[in-house]
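We use all heavy atoms of the structure for the numbers below, so side chains are in, but hydrogens, waters and symmetry mates are not. As the structure lists them, so they are numbered: ligands from 1, and atoms in each ligand from 1. In this chain, numbering begins with 1 at the start of the sequence shown. Note that the structure is predicted; figures quoted are calculated from it, not measured.
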Amino acid sequence: MTGSPPRFSTPLHVGRPNIGDRSKFLDRLGGALDRHWLANNGPLVREFEARVAALAGTRHCVPVGNATVGIQIAAKAAGIAPGDEVVVPSFTSPATAHALHWIGATPVFCDVDGTANADPGHVARLIGPRTRAIVGVHVFGRPCEIDRLAALAERHGLPLILDAAQAVGCTYRGRPIGGFGVAEVFSFHATKYLNSFEGGAIVTDDDELAERARAMRNLGMNDERDQVVCGINGRMTEASAAMGLTSLDAMETIISANRRNHRLYRSGLAGLDGVRLHEPAPGERANHQYIVIEVDGAVAGADRDTVLGALARHNVLARRYFHPGCHQIPPYRDHPALHTPLPLPRTEALCDRVLSLPTGTAVGPAEIAGICGIIREACTGGQVRAA
Ligand SMILES: *Cc1c(COP(=O)(O)O)cnc(C)c1O
């Protein structure tokens, strides 16, 4: 088997960028060059801002250079200061934890529930005298338990900030993601379902938080060019906004390709014991940005890394999102006094099982049939050997 040629001659990637209408993008970029207006809240950034606010159903949108700086700014604008503890799931991008650590806060990691999101019961147990905020993450675009986290936050007088990097275009209880907590942060990184090369946005209904975030993004300067706060350069460029707008134009096309792909993976993997495909929240709109499976090695006949290796031999570059959990990466795992890393059994089990598979507009029925075939062979091969 190892001698057979790979099923795919060119690699299939997770997070291959969705490009959208190239000529529309180039027209927009040409406009920015004609105007000689490339940065500093230009017309494309403002158009992008209005469209993202409409998508999120929020009064404010503050476009930023990326979601990592967006989380830093949102957290600072919400009053988080050095030394504050923030309860946050470990099962997320390192970006979430690093953004908080970089502004001097201490992430206190909670475990996951059955949907790979923060377990509100565990969050409640982690809230202590130094806790100053809760950060929830909509992992793989599936909304976390916002109502229960918001109730906890309210009971303890804490802001709830939501890392919505993966949940652009999704809903929670029928309302668009973006309008929950004190602020939510989107990512428009190239690998996300909508992209602006690099980019992000803070969305909120809080007028004062939005005003602080706007100034913080712009080196502390308000719209009147007065210095009002300590800031950073978190600005989005016109080139990024040109791509972001083009991506927004293509949103429905991308979502329907993703939705079709999810359906195809579901039927392609049906009946394969020990391999579970993550499903979106029932009744909600999802962007299906990630195809995530959990491989239970004890049942499937092959463990996750064996499946990963089998896919790689056929040029399918699946990814272990997220692996390891944030509590097991530096600096958090090395600083028990500062970061109090607790054993998080469900997170650790999940990190050993998850695999993200290629989707998006670059992947279609033939690719998915091939990928599901490789996974099946890896599992049944293992079952036969075990028997
Ligand atoms: C991608 C991602 C980020 C970081 O976004 P950038 O725009 O790359 O900074 C943060 N959190 C989560 C959950 C992500 O998936």
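- For the pair Val52 and Pro63, the minimum side-chain heavy-atom distance is 4.5 Å or more.
- The distance criterion of under 3.5 Å between nitrogen or oxygen atoms is not met by Glu198 with respect to ligand 1.
- At a 4.0 Å heavy-atom cut-off, ligand 1 touches Thr68 through backbone and side chain alike.
- Side chains of Glu49 and His60: a donor-acceptor N/O pair is absent below 3.5 angstrom, by distance only.
- Using a 4.0 Å cut-off between heavy atoms, Asp163 contacts ligand 1 through its side chain alone, with no backbone atom that close.
- Closest to atom 7 (O) of ligand 1 by heavy atom, among Ser187, Ala97, Pro89, is Ser187.
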| ring-ring contact (aromatic ring centres under 6.0 Å, His included) between Tyr332 and His101: does it pass, once the steps are laid out? | CA-CA 9 Å; Tyr332 317 107; His101 181 69; 5.6 Å; yes

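- Every atom of ligand 1 is numbered from 1 in the order shown, and the set under 4.0 Å from a heavy atom of Gly199 is 7 (O).
- Of all atoms in ligand 1, numbered sequentially from 1 with element shown, those under 4.0 Å from a heavy atom of Thr96 are 11 (N).
- Considering only non-hydrogen atoms, atom 12 (C) of ligand 1 lies nearest to Ala165 out of Gly65, Gly200, Ala165.
- There is no path of hydrophobic side-chain contacts, each under 4.5 Å, that joins Leu245 to Phe25.
- For Phe109 and Phe91, the gap between ring centers reaches or exceeds 6.0 Å.
- Counted by atom type alone, His189 and Thr191 present one or more donor-acceptor pairs between their side chains at under 3.5 Å.
- Residue contacts with ligand 1 do not include Ala99, since none of its heavy atoms lies under 4.0 Å from the ligand.
- Follow the hydrophobic side-chain contacts under 4.5 Å out from Phe322 and you never reach Ile291; the two are in separate clusters.
- Close approach of ligand 1 to Ala95 is summarised as follows: ligand atoms under 4.0 Å from at least one heavy atom of the residue are 3 (C), 4 (C), 10 (C).
- A donor and an acceptor atom, one from each side chain of Thr204 and Asp206, are nowhere located under 3.5 Å apart.
- Closest to atom 15 (O) of ligand 1 among all protein heavy atoms lies Gln166 NE2, 2.8 Å.
- Ligand 1 places these atoms under 4.0 Å from at least one heavy atom of Thr92: 13 (C).
- Less than 4.0 angstrom separates some heavy atom of Lys192 from each of these atoms of ligand 1: 1 (C), 2 (C), 14 (C), 15 (O).
- No side-chain donor from either of Asp21 and Thr246 sits under 3.5 Å from a side-chain acceptor of the other.
- Between Ala67 and ligand 1, at least one pair of N/O atoms sits closer than 3.5 Å.
- Considering only non-hydrogen protein atoms, atom 8 (O) of ligand 1 sits nearest to His189 CB, 3.8 Å.
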